[in-house]
Amino acid sequence: MTRYLARRILGVIGVLIAIAAVTFTIFYVLPSDPAAAACGKSCSAERLEAIRAHMGLDQPLWRQFWDFASGIFTGRTMGTGQYALHCGFPCLGYSYENSESVWSLLMDRLPVSASLALGAAALWLLLGLSAGVAAALRKDTFTDRALMVGAVAAASMPVYFTSVMLIYGLIRVAGLLPYPQYVSLASDPVHWASNLLLPWIALAVLYAAMYARQSRSSMIETMAEPYIRTARAKGLPRRTVVVKHGLRSAMTPILTLFGMDLGGLLAGAVITESIFGLPGIGRLFYGALSTGDQPVILGVTLLAATFIVVANLAVDLLYAVVDPRVRL
């Protein structure tokens with residue numbers, strides 16, 4: 001297990017280095033000039049050259065990438081002389097719009113995106129797995145068909161449609177909930193949950209539908225396995241057969257899907273955060289795209305890649321916990 005974990009960690013590091021190289025190429029080698037973007041429209045040639053030297057763009061390409069990649073882990077000093085600026089670990093540069101550290105911007109927005117992603121994930125797992133297992137255990141009955149029709153209908157509704165309908169129905173018409181305004185969990189847990197409930201539901205409706213269909217398919221396949229028939233023949237209670245033997249084995253593809261979805265959402269749900277006005281990473285990313293703020297775009301891209309890769313590593317390790325057959 002230790003050797004397997006070491007190999008997987010080395011693989012994660014390799015993937016992240018490759019992603020850093022690709023994103024560096026996209027944002028620093030393509031025709032768009034980061035120095036020109038940082039300098040602004042009314043920029044003299046002398047000022048442009050000074051900014052290029054300050055950002056290290058006058059260095060050879062390999063040196064630029066080395067400074068960028070090593071700076072993520074050790075920090076770096078940008079520029080020389082009186083214009084030298086130290087960028088502490090982990091250095092992802094500074095925003096062109098407000099000159100703030102990209103890492104600080106990401107860390108300020110991360111609690112919002114994490115709250116949104118983790119709350120929605122708990123909700124869609126509960127709803128999706130419950131519906132999928134119930135449909136699988138009642139295969140080809142009215143309950144099965146009704147749940148799957150509902151899942152198909154929910155999966156057909158884009159998250160922006162669901163979000164707008166929830167705002168209109170539950171806030172403007174019924175007045176049951178306040179319009180979402182993020183409150184930190186530590187300061188007020190009740191208001192934290194009540195303000196995030198609608199965004200959680202908006203995301204959970206779409207994801208729960210997909211998880212219901214996937215869990216139904218996996219559960220039906222698992223319940224037809226020989227070891228399930230053996231467990232039933234031994235006279236084990238139905239609950240033990242379904243939960244301990246059936247659901248645990250059926251969870252393997254669900255975990256794979258969950259790792260990808262959660263990793264992506266931790267880096268920001270752009271549409272949901274924009275509609276509900278939540279100051280998360282997704283909204284930061286949307287604003288950076290609108291203004292061409294390349295360091296912020298690059299930082300969000302690397303953060304998203306890190307979350308997805310780490311989530312997949314965690315899922316691989318959970319396989320052996322959920323399904324003992326994987327340990328072999």
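Just the heavy atoms: all of them, side chains too, but no hydrogens, waters or symmetry mates, feed the values below.
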**Request:** Give me the ring orientation class for Trp124 and Tyr211: parallel if the planes are under 30° apart, tilted from 30 to 60°, perpendicular past 60°.
**Result:** tilted
**Message:** Any non-hydrogen side-chain atom of Pro180 less than 4.5 Å from a side-chain atom of Ile171?
**Reply:** yes
**Request:** Output, in order, the C-alpha distance, side-chain angles, deciding distance and verdict of side chain to side chain contact (heavy atoms under 4.5 Å, CB included) for His191 and Gln181.
**Result:** CA-CA 9 Å; His191 283 84; Gln181 293 181 341; over 6 Å; no
**Prompt:** Does a side-chain heavy-atom distance below 4.5 Å link Val190 with Val183?
**Reply:** no
**Message:** Taking Met219's backbone N and O only, do any of them form a donor-acceptor pair with Thr222's side chain (distance below 3.5 Å, no angle check)?
**Reply:** no
**Request:** Answer yes or no: are there more than 12 heavy-atom neighbours, outside Met260 itself, under 6.0 Å from its atom CE?
**Result:** no
**Message:** For a 4.5 angstrom cut-off between non-hydrogen side-chain atoms, does Arg216 reach Asp144?
**Reply:** yes
**Item:** Side chain proximity check, Lys234 to Thr240, heavy atoms < 4.5 angstrom
**Value:** no
**Item:** Pair Ser95-Leu105, side chain to side chain contact (heavy atoms under 4.5 Å, CB included): steps then yes or no
**Value:** CA-CA 9 Å; Ser95 169; Leu105 289 173; 3.9 Å; yes
**Asked** Between Val300, Leu303, Val102, which is the residue that forms a side-chain contact (heavy atoms from CB on, under 4.5 Å) with Leu92?
**Response** Val102
**Request:** Flag the pair Asn195 / Phe276 as yes when at least one side-chain heavy-atom distance between them is below 4.5 Å, and no otherwise.
**Result:** no
**Request:** Group every Ile, Leu, Val, Met, Phe, Trp and Tyr by side-chain heavy-atom contacts under 4.5 Å, then state whether Tyr179 and Leu203 land in the same group.
**Result:** yes
**Request:** Over all heavy atoms of both residues, which pair between Ile220 and Ala136 is shortest? Give the atoms and the distance, please.
**Result:** CG1-CB, 3.7 Å
**Request:** Evaluate the side chain to side chain contact (heavy atoms under 4.5 Å, CB included) criterion for residues Leu257 and Asp261: first the C-alpha distance (whole Å), next the side-chain angles of each, then the deciding distance (0.1 Å), finally the verdict.
**Result:** CA-CA 6 Å; Leu257 189 62; Asp261 292 336; 3.6 Å; yes
**Asked** With a 4.5 Å limit on heavy-atom distance, are the side chains of Pro111 and Tyr182 in contact?
**Response** yes
**Ile281 reachable from Trp103 in the ILVMFWY side-chain graph, under 4.5 Å edges** = yes
**Item:** Shared hydrophobic cluster for Leu302 and Leu262 (ILVMFWY, side-chain gaps under 4.5 Å)
**Value:** yes
**Item:** Leu118 reachable from Ile308 in the ILVMFWY side-chain graph, under 4.5 Å edges
**Value:** no
**Complete:** Ala131 and Ala212 have their tightest heavy-atom pair at CB-CB, 4.0 Å
**Item:** For the student: nearest non-hydrogen atoms of Thr301 and Ile297, plus distance
**Value:** OG1-O, 2.7 Å
**Prompt:** Are any side-chain N or O atoms of Ser290 and backbone N or O atoms of Tyr286, one a donor and one an acceptor, separated by less than 3.5 Å?
**Reply:** yes
**Message:** Any side-chain to backbone donor/acceptor pair from Arg283 onto Val270? Under 3.5 Å, distance only.
**Reply:** no
**Complete:** Closest non-hydrogen atoms of Gln214 and Pro253, given as atom of the first, atom of the second and distance, are NE2-CB, 3.8 Å
**Fill in**
Separation between NZ (Lys244) and CZ (Arg239), nearest 0.5 Å, reads 13.0 Å
**Item:** Nearest-0.5 Å distance, OG1 of residue Thr141 to CG of residue Leu147
**Value:** 8.0 Å
**Item:** Leu206 side chain reached by Met157 side chain, heavy atoms, under 4.5 Å
**Value:** no
**Request:** Quickly, which of Val205, Ile201, Ile275 forms a side-chain contact (heavy atoms from CB on, under 4.5 Å) with Leu166? Name it, please.
**Result:** Ile201
**Prompt:** Honestly curious: do Val173 and Leu197 fall in one hydrophobic cluster under the side-chain, below-4.5 Å linking rule?
**Reply:** no
**Prompt:** Do Pro199 and Leu278 have side-chain heavy atoms sitting under 4.5 Å apart?
**Reply:** yes
**Complete:** Here the gap from Glu100 atom CD to Leu106 atom CG, rounded to the nearest 0.5 Å, amounts to 11.0 Å
**Complete:** Taking every heavy atom of Ser113 against every heavy atom of Gly282, the minimum-distance pair comes out as OG-N, 4.1 Å
**Prompt:** For the side chain of Arg213 and the backbone of Met148, is there at least one donor-acceptor N/O pair under 3.5 Å apart?
**Reply:** no
**Request:** Given side chain to side chain contact (heavy atoms under 4.5 Å, CB included), test Leu129 with Met251 step by step and report yes or no.
**Result:** CA-CA 9 Å; Leu129 289 179; Met251 282 292 292; 4.0 Å; yes
**Asked** Just by modelled atom types, is the Ser115 backbone N or O under 3.5 Å from a matching donor or acceptor in the Trp200 side chain?
**Response** yes
**Request:** Specify the closest pair of heavy atoms between Ala209 and Ala155, including all atoms of both residues, with the distance to one decimal.
**Result:** CB-N, 3.5 Å
**Request:** Measure the CG-CD1 distance between Leu236 and Ile228 for me, rounded to the nearest 0.5 Å.
**Result:** 9.5 Å
